[in-house]
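These notes are about the structure you will find just below.
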Amino acid sequence: ETAVKRAVDLLGGVEQFIKPDEKVLIKPNLLMDATPEEGIDTHPEVVRAVIRSLKSVTKNIYCGDSPSVWGEHRDIDHVYEVAGMKKVCLDEGVELVYFTSPKMKGSYPLTDWLDKCDRLVSIPKFKTHGFTVLTAGIKNLFGLVIGMNKIKVHKDNPRPDDLSRALIDIYEIRRPDLTVLDGITAMEGQGPGHSGSLRPMNLIAASPDALALDIILSVLMGLSPDDIPTTKEAIRRGLGQGDLSSIEVFGENLKTFVTGDFKLPKTTFLNKVPKWIIDISKQFLKMEPTVLRKKCKICSLCVKGCPGEAIVIKNKHISIDPKKCILCLCCQEICPHGAVEIRKSFLLRMGVE
């Protein structure tokens with residue numbers, strides 16, 4: 001709570017972003033029904049700290065998200081319960097809301113709570129992502145898309161650059177008034193779900209510019225902003241401060257948090273390879289999701305959530321059709337058992353990347 005207050009105070013205080021009695025929607029990152037200790041969802045105590053900061057100017061606070069359970073009310077309620085959001089909101093007298101009623105904004109069915117509230121405060125988790133490399137300030141807004149419609153967005157945008165354009169469309173429609181990052185325990189490697197690895201970062205960061213925040217995080221990961229497809233597209237559109245040298249950082253020295261060995265997703269290198277090279281080299285440079293049968297519990301979440309309809313239950317086992325797979329990695333993202341692994345072809349294992 002002290003760190004959150006200090007981060008926001010360094011920006012001029014919460015009063016700079018929220019006016020008295022305005023209605024505020026808090027949007028954490030709740031990927032799935034994971035406990036706080038698993039480090040997958042935004043930690044409830046960070047949400048509590050943000051709520052208490054907001055209470056100094058308004059009591060009209062709402063909290064909600066659209067997790068990867070495809071919009072079924074009972075499943076979302078289970079996520080809220082396990083992730084600790086229900087208890088925090090009950091303790092703090094905040095209404096926990098459900099993103100079940102879509103309203104078209106541009107080409108995207110977003111939650112109607114955006115129209116019910118005056119301000120949006122985003123509380124993302126600092127994690128890697130197999131498809132977009134980083135999920136933080138900008139990517140967190142994908143949760144504004146209602147339930148099953150996320151599958152359609154993935155299906156319509158099969159490559160990282162395509163999906164990044166869609167994510168920036170959403171970001172352009174509704175940029176957060178304030179973003180407070182939960183980076184106390186980050187996730188590296190095969191994030192953003194159970195296949196990732198937790199890494200202590202002891203970081204709380206806040207910014208009115210989610211693009212600037214994501215750029216700083218790319219530096220902490222040892223990357224260039226252009227290595228993050230969503231960041232690259234947002235810079236191209238001029239949606240915030242895109243020049244690293246012009247971003248003003250207050251508080252702790254960034255060198256305290258920079259790490260030279262931050263583990264990236266196995267698919268990261270694909271973002272740097274031109275599409276025509278990938279098309280020519282498909283038969284030699286293959287990456288495919290594979291189900292680890294010893295870990296798989298046949299819960300069918302991957303079947304339900306596959307945009308390419310490439311996953312079926314066959315002979316009492318999960319089977320993935322490589323011809324239909326669009327390598328969106330939704331299966332790995334939502335698997336609650338860490339049973340989906342990315343397998344590389346021989347040339348990739350020999351270090352082509």
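For reference, positions follow the sequence shown, starting with 1. Heavy atoms only: backbone and side chains are in, while hydrogens, waters and symmetry mates are out.
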Side chain to side chain donor-acceptor pair (under 3.5 Å) contacts touching residues 205-214 (sequence neighbours left out): none

Electrostatic pair Lys232-Asp227, nearest N-O below 4.0 angstrom: no

Derivation and outcome, salt bridge (charged side-chain N to carboxylate O under 4.0 Å, His left out), residues Arg165 and Glu233: CA-CA 7 Å; Arg165 282 190 285 272; Glu233 177 63 16; 5.0 Å; no

Partners meeting side chain to side chain donor-acceptor pair (under 3.5 Å) with Lys87 (sequence neighbours left out): Asp91

By side-chain contact (heavy atoms from CB on, under 4.5 Å) - contacts of Arg52 (at least two apart): Glu1, Arg48, Glu92

Qualifying residues under side-chain contact (heavy atoms from CB on, under 4.5 Å), relative to Pro44, sequence neighbours excluded: Pro36, Met85, Val88

Which residues share a side-chain contact (heavy atoms from CB on, under 4.5 Å) with Asp21, sequence neighbours left out: Asn60

Pro289 side chain near Leu327 side chain, heavy-atom distance below 4.5 Å: yes

Donor-acceptor side-chain pairing of Ser245 and Asp243 below 3.5 angstrom: yes

Contact check, side chains of Ile76 and Pro67, non-hydrogen atoms, under 4.5 Å: yes

Side chain Lys150, main chain Ile146, donor-acceptor under 3.5 Å: no

Distance-only check: which donor-acceptor pairs under 3.5 Å involve side-chain atoms of residues 133-145, not counting sequence neighbours?
unit_1 : atom_1 : unit_2 : atom_2 : d
Asn140 : OD1    : Lys27  : NZ     : 2.8
Asn140 : ND2    : Lys27  : O      : 3.1
Asn140 : ND2    : Ser122 : OG     : 2.7

Would you tabulate the side-chain donor-acceptor contacts of residues 249-257 under 3.5 Å, counting partners in other chains and residues two or more places apart, or write 'none'?
unit_1 : atom_1 : unit_2 : atom_2 : d
Glu252 : OE2    : Arg6   : NH1    : 3.2
Asn253 : OD1    : Lys255 : N      : 2.9
Thr256 : OG1    : Asn253 : O      : 3.0

Leu10 with Leu178, same ILVMFWY side-chain cluster at under 4.5 Å: no

Side chain to side chain donor-acceptor pair (under 3.5 Å) contacts touching residues 185-195 (sequence neighbours left out): Glu188-Arg199

Side chain Ser56, main chain Ser53, donor-acceptor under 3.5 Å: yes

Salt bridge (Lys or Arg N to Asp or Glu O under 4.0 Å) partners of residues 114-130, not counting sequence neighbours, each pair once: Glu22-Arg119, Lys103-Asp115, Lys105-Asp115, Asp112-Lys116, Arg119-Asp177, Lys125-Asp182

Val121 with Ile61, same ILVMFWY side-chain cluster at under 4.5 Å: yes

Distance-only donor-acceptor hits, side chain of residues 290-302, under 3.5 Å, sequence neighbours excluded:
none

Charged N-O contact under 4.0 Å between Arg237 and Asp169: yes

Side chain to side chain donor-acceptor pair (under 3.5 Å) contacts touching residues 328-337 (sequence neighbours left out): His129-Glu333

side-chain contact (heavy atoms from CB on, under 4.5 Å) against Val82, all qualifying residues, sequence neighbours excluded: Asp33, Thr35, His78

Side-chain touch Tyr62/Val24, heavy atoms, less than 4.5 angstrom: no

Student check: side-chain heavy atoms of Thr179 and Pro176 closer than 4.5 Å: yes

Between Tyr108 and Asn149, a side-chain donor and acceptor under 3.5 Å: no

Ring centers of Phe99, Trp113 separated by less than 6.0 Å: no

